[in-house]
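As structure tokens, the structure follows; a few thoughts come after it.
On a predicted model such as this, the values are computed, not experimentally measured, just so you know. When a ligand or atom number is given, it counts from 1 through the structure's own listing order.
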Amino acid sequence: MAQVSADGSPLRRDGRRSDESRNLRLTAGIAPHADGSVLIATGNTQVICAATFEQTVPKWMKDQRVSGGWLTAEYAMLPYSTLTRKPRDATKGKLDGRSVEIQRLIGRALRAVVDLETLGERTLWVDCDVLQADGGTRTAAITGATLAVVLACFKLRRQATLQGWPIRSLVAATSVGLAQGLALVDLDYEEDRAAEVDLNLVMTSRHELVEVQGAGEEATFTAGQLSHMLALGQDAVHDLIEKQRAFLHAHDPALGELPFTNGPG
Ligand code: UDP
């Protein structure tokens, strides 16, 4: 049942409970030339996530004789993904600082669970392009990119190109905000704009934290409120991970055998 504010109006415009995430849809194979790809949609936010292997590693790895492979991410908002058109970085001639921050976050989230040694001398490029932005694009990108990476590794493993299974666990992410002192999960754009505190939570299927980004916007918050937001976010991320597992199982039952300790073979 929808929760109501003190004046009797719905707490959230779309009628969600404070701890309720938006409807999640996952579509595999959206970019057929990538080794693995997924379109992730949470409410009106949609992100194309594609993972592609390149048969080389960055120069710094060769120079420093670092063995294994590398994983790196790029994030961009397509010009028509926002309410007012957002010019491409290439046209502006400079990188958007927000995009750089987000792509580093995505890369860190995935490198936390991918064994780079098992990738061999390859770079796994993870491209996240926002098709429609309505809040939570970075968290959707992480949840979707994880699946694209699993599909890409599964393809190479099936071809016996990978000499092992590199993925230790799944990763998913969500946002939690404080609006008028109340914690809300998976904020849309309007909720995000109105929130006093915005927190992004990245976790693994082993219930470990990878990253917590939390900040007050012209506001402060207490340790007690932080604990409450973490608890709500944790439950939401675990739900997302269950949906990731179901999606992978539907794609191929061998992929349902998580957490991949020995790999799907
Ligand atoms: N947004 C936008 N244009 C921008 C940056 C953000 O329209 O250049 C909107 C978009 O809906 C985005 C939301 O503001 O999802 C929140 O942005 P934030 O930087 O908090 O990242 P996100 O919540 O998408 O991870």
For the side chain of [X] and the backbone of [Y], is there at least one donor-acceptor N/O pair under 3.5 Å apart?
{"X": "E20", "Y": "R17", "result": "yes"}
{"X": "T146", "Y": "I142", "result": "yes"}
{"X": "Q225", "Y": "T222", "result": "yes"}
{"X": "S175", "Y": "L187", "result": "yes"}

Of the protein's non-hydrogen atoms, which lies at the shortest distance from [atom], and what is that distance?
{"atom": "atom 17 (O) of ligand 1", "result": "R98 NH2, 3.7 Å"}
{"atom": "atom 3 (N) of ligand 1", "result": "T82 CG2, 3.6 Å"}
{"atom": "atom 12 (C) of ligand 1", "result": "G135 N, 3.8 Å"}
{"atom": "atom 1 (N) of ligand 1", "result": "M77 CE, 4.1 Å"}
{"atom": "atom 13 (C) of ligand 1", "result": "Y189 CD1, 3.6 Å"}
{"atom": "atom 16 (C) of ligand 1", "result": "D192 OD2, 3.8 Å"}
{"atom": "atom 18 (P) of ligand 1", "result": "R138 NH2, 3.5 Å"}

So that I know where these two stand, are W70 and W125 an aromatic pair - ring centroids less than 6.0 Å apart?
no
Residue R104 excluded, over 12 heavy atoms near CZ under 6.0 Å
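Open.
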Out of D96, D127, T137, which residue meets the side chain to side chain donor-acceptor pair (under 3.5 Å) rule with Y75?
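The side chain to side chain donor-acceptor pair (under 3.5 Å) with Y75 is passed solely by T137 among D96, D127, T137.
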At a non-hydrogen distance cut-off of under 4.0 Å, which region of D134 contacts ligand 1 (side chain, backbone, both, or neither)?
backbone
Hey, is K86 touching ligand 1 through its side chain, its backbone, both or neither, going by heavy atoms under 4.0 Å?
side chain
Given T137, D198, I102, V47, identify the one with the heavy atom nearest to atom 24 (O) of ligand 1.
T137
Name the option, out of A141, A133, S81, G136, that contains the heavy atom nearest to atom 10 (C) of ligand 1.
A133
How far apart are the C-alpha atoms of Q132 and T45, what are their side-chain angles, what is the distance that settles it, and do they pass the side chain to side chain donor-acceptor pair (under 3.5 Å) test?
CA-CA 5 Å; Q132 190 173 0; T45 287; over 6 Å; no
